[in-house]
Each structure stands twice: as structure tokens, then as C-alpha cells.
Trainee: 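The structure that follows is given in the form of C-alpha cells.
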Amino acid sequence: MKTTQELQILSLNAFGDRPATGLTPDIAALVERRRRSFGAGSVLFYDEPLKMVRAEGAFLYASDGRAYLDFYNNVPTVGHCHPKVVEAVRKQVGELNIHSRYLFDVAHDYAEKLLATFPPALSNVVLTCTGTESNDLALRLAKRWSGGTGFIVTKTAYHGNSATVTEVSPSSYKVGAPPPYVRTVPAPDPAIFGNDIGQGFADAVAGQIAAMQADGIAFAGLLVDTIFSSDGVFADPPGFLKKAVDVARAAGGLFIADEVQPGFGRTGGGMWGFSRHGLIPDIVTMGKPMGNGYPIAGLVTRPEILTAFCNDFGYFNTFAASPVATAAGLAVLEAIEEDGLIVNAAGVGKHLLARLTRLQSSPFIGMVRGAGLYLGVECVADGLPSSDVAKTIINGLRARGVLIGAAGQYGNVLKIRPPLCVTLNHADTLVDAVEDILKGMG
Ligand SMILES: Cc1ncc(COP(=O)(O)O)c(C=O)c1O
């Protein structure tokens, strides 16, 4: 049951390349069709893959006729198929949809509303289509501004899938490792850094800056996901990130906050994960929840950083900042406000964290942590990280109609990040189901 083997991010809860036997005939046939066309690039969840047919609010409806309570998907953040977003996209796509080298109002209604959620210094926004593109551009801005090429990321970070962004995503490597200009530090885990995580994490960053400089690599920046999601979800204590950011800046680098996971209210303490740490990043990247499923992403930064880059390079992105993308983005911001989703994330998140923490009486549950509706639950066996226990719980939840995922260096952390519209009852359904599974595990 136990493993301390490190796992690559896409292997977590994956159906893998096993034969499609034991599945219902329609699912087996679709798995085979998928393998024929998607080939080795196909990644599917669960021992029994799910075929989804529609979604609404906090629920996904599958071809087996069942409703699945969604505690996994952070993209449909305001709720699956939220009527406001659906209507905004439907209306705009029938009216005007062009690239952004013409003038139209909605892009600026959106840009201004989005920028108003950031500290005033971060007053320029560049829109893109994916989190990867945002991080790719952020790396280019940081290199131009700092004159360096070296980046520091966490050990199990994931920041996207382009050639350059894969290099700062150590969790993507099945073989090999990031290049010499990318250095890693451990996740800000109390098991590694003890009680003073802020100092320990900052010292680790300082050590890696010194090591890269000793190898003749100039430091460009520190890039972290401010909820450390793929590392296994680390939110506490609030403010622990500040010392590492000070170290990065003192060494001439920029701080890039990747808000693709925690952004748009998920942590329940405001719109952005970095505000939990009482700091202002140099660049903030975002994506996933930004369009509730419509592909829109972007970065915000200080004008001087963007200007320096634009003096050297042109940047244009065909589909970004289109009327439809920005109409979707605007509807999401309005829905977050109108539906009170940040307050809901805080309230339901607090209840969920309290109930999950009580599961620590089980020998299979270790640390429980997180902020708002981004929670991580460590699975252990004989006191060691266990991805097998995590898999048992994840598949057991699927059988009971609840969807969650896994994260962390050892794939042993239950990753809980539902749409922000989930209720206290939904939270209880999840925890009751986990309790039931744990009971069955002895
Ligand atoms: C923290 C983080 N950054 C960036 C990305 C990349 O975003 P995208 O898949 O939209 O390119 C992801 C995707 O999972 C992510 O988790």
C-alpha cells in the first residue's frame, strides 16, 4: 500500500495504458477510439474513465445516468454552464468576434474591471489564451528586465506546456530534469522547513541563486504558484512567501506570481493568492477560471516592465482579447461579485477544512491544509506518503459520485478545489463519503 516514489503530474489518478477490459462496452469503445486518434498523448482519469454529457452548477452528469458532485474542477469557477457566462458568450459570438487590433468596448470594460482588482502599481494587462502563454510571456519580461536567464521554481511545480514553460515545470519530466538555468527549491512544507517556513524557504531560494551565479548564470526571477498546488497545496502561515520574494528582488530578479490556480477568489481571502502573503508581485499570471471554460488568460505587470520588453519585441496574440473572450471574462468577474463567491469560498472552505481535519484520527490521513476552496489532504500508510491510499480514496469517491484529484511530489495529496458555488451540504457530502471509504479501509 505504501510508496514514497515520486510521481509525474499526469500520472496521478491516470487510467494509463491498461487494456480497456472490464469497462462497460460503450466506455471501452470510446477509450479505444480515443487511443487510436490521440495515441500516446491521451491522458484519462480514473480506473473506470467517465464519459460526461452535460454540467450545471457544481454537478457533472455522466453517460451512466449519474450526477457527479464536482470537487475537482477549478475552471468552471462560478459554476458549470453559469447562465450569465453562457448568455454573454452567446450574445457576443453572434454580434462581433475579431482580433484585438480594432477598437471595441468590451475589451476595455474587462481590462479596467480586472485591473481594479490588483494593487495600483500593476496597471497594465496583456491578455492571452492559456496559462502557458501567460507564463511564457512572463519569463520573457523577467529576462528582459533583469538581464538574467536563471529562474527558481519549486520542486514539483507545474506552470504550463510550451518548450520554455516546460523547462520551469519540473513535475512534467518523466525522464531527465530542467536545464541548468532552472533551479528548484523544496515546497514550503513544514516537514522540510520546520516552524519557520518563511526563513527556510527564503534561505533555499538564496542558496539556489548563489549556486546558479557560481555557475555563471545571472538570476532573472522567482516563479511560484502562490497556493503551491502541484507541490501539494501549501498556504500557511500567511505571509511566509515575503522573505523569499525580498531575497529574489535583492538579487536583481523579479517575482512572478502564478495565479492560474488560486486566482479569482478561490482562497476566500480576496481575489488573489499573493495577497495572503502581504506582497505585490512584479508580474501576475492567470488563466483557468478566467473565462469559466472559455479560453482566456493573461498577465498584469508594471508599465515599465512591459514597455522595456515591447521596445525589443512585438507581441500579438490572435485570439486573445477578442470580444467573445473578454465578454466571457467580464461575465465571470460580475458573477463572482453578484453570487458572493469569495465569501462563499471562505465560509464553505472553513467548514470543509474543519471537517477534513477531524479525519486525521484515521491512520491513513496526515496533514490537512489549504485556504478557502483550495485544500490538500495528505494520504499516508505506516507514516509514509501513500499514492495508493490517495488513489483508493479518489476512486472510492468516484464510485460514490464525488470527483476530486491528487497532487504533490509523491501523488499522495488529495486535491480539493471545486467550483466556488459549492454549498455546505456539498462539502458534507464529500466528507461523509471520505469517512465511509476510510471505514472500509480498516
Ligand atoms: C499553476 C499553473 N500554471 C499554469 C498552468 C498552465 O495553464 P494552461 O493549461 O492554461 O496552459 C497550469 C495548468 O494546470 C497551472 O496549474
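Quantities reported herein were computed from a predicted structural model and do not represent experimental measurements. Just follow the structure's listing: the first ligand is 1, and inside any ligand the first atom is 1. Residues: numbered from 1 along the sequence shown.
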Trainee: Go through the steps for Thr128 and Ser134 under the test side chain to side chain donor-acceptor pair (under 3.5 Å), then give the verdict.
Mentor: CA-CA 6 Å; Thr128 65; Ser134 304; 2.8 Å; yes

Trainee: Using a plain distance cutoff, I'd like to know if Ser229 has any nitrogen or oxygen under 3.5 Å from a nitrogen or oxygen of ligand 1.
Mentor: no

Trainee: Give the contacting part of Asn135 toward ligand 1: side chain, backbone, both or neither, where contact means a heavy-atom distance below 4.0 Å.
Mentor: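 It is the side chain that gets close, since no backbone atom is under 4.0 Å.
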
Trainee: Going by the order shown, which atoms of ligand 1 are within less than 4.0 Å of some heavy atom of Gly160?
Mentor: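 Close to Gly160: 6 (C).
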
Trainee: Give the numbers and elements of all ligand 1 atoms closer than 4.0 Å to a heavy atom of Thr130.
Mentor: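 Taking each heavy atom of Thr130 in turn, ligand 1 has 10 (O), 11 (O) under 4.0 Å.
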
Trainee: Show the atoms of ligand 1 that are less than 4.0 angstrom away from any heavy atom in Gln261.
Mentor: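 So the answer, numbered in order with elements, is 1 (C), 14 (O), 15 (C), 16 (O).
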
Trainee: For ligand 1, which atoms sit closer than 4.0 Å to a heavy atom of Val260?
Mentor: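 Reading through ligand 1 atom by atom, the close ones are 2 (C), 3 (N), 4 (C), 5 (C), 12 (C), 15 (C).
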
Trainee: To which protein heavy atom is atom 9 (O) of ligand 1 closest, and what is the distance rounded to 0.1 Å?
Mentor: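 For atom 9 (O) of ligand 1, the nearest protein heavy atom is Thr132 OG1, 4.4 Å.
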
Trainee: Taking atom types as modelled and ignoring hydrogens, do the side chains of His426 and Thr423 form a donor-acceptor contact shorter than 3.5 angstrom?
Mentor: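 Result is yes, a qualifying pair exists.
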
Trainee: Is it the case that the side chains of His82 and Asp339 hold a donor-acceptor pair, with the cut-off being a distance below 3.5 Å and no angle test?
Mentor: yes

Trainee: Relative to the heavy atoms of Asp225, which atoms of ligand 1 are at a distance of less than 4.0 Å?
Mentor: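 Heavy-atom distances to Asp225 below 4.0 Å select 1 (C).
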
Trainee: With a cut-off of 4.0 Å, which atoms of ligand 1 are near a heavy atom of His159?
Mentor: 3 (N), 4 (C), 5 (C), 6 (C)

Trainee: If you count the non-hydrogen atoms of other residues, nucleotides and ligands that lie under 6.0 Å from CG in Asp17, is the total more than 12?
Mentor: no

Trainee: Please classify the Glu133 to ligand 1 contact at 4.0 Å (heavy-atom distances, strictly less than): side chain, backbone, both or neither.
Mentor: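 The answer is neither; Glu133 stays 4.0 Å or more away.
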
Trainee: Are any of the N/O atoms in Asp258 less than 3.5 Å from those in ligand 1?
Mentor: yes

Trainee: Could you verify whether a donor N or O on one side chain and an acceptor N or O on the other, from Asn161 and Thr132, lie under 3.5 Å apart?
Mentor: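 Yes, side-chain donor-acceptor contact under 3.5 Å.
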
Trainee: I'd like to know if the side chain of Thr301 pairs up with that of Asn124 as donor and acceptor (distance under 3.5 Å, no hydrogens or angles considered).
Mentor: no

Trainee: Say whether, by atom type as modelled, one donor and one acceptor occur between the side chain of Glu259 and the main chain of Phe264 under 3.5 angstrom.
Mentor: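 Flag not set: sc Glu259 to bb Phe264 has no pair under 3.5 Å.
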
Trainee: Go through the side-chain N and O atoms of Glu56 and Tyr61 and say whether any donor and acceptor fall under 3.5 Å apart.
Mentor: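 There is no such pair between these side chains.
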
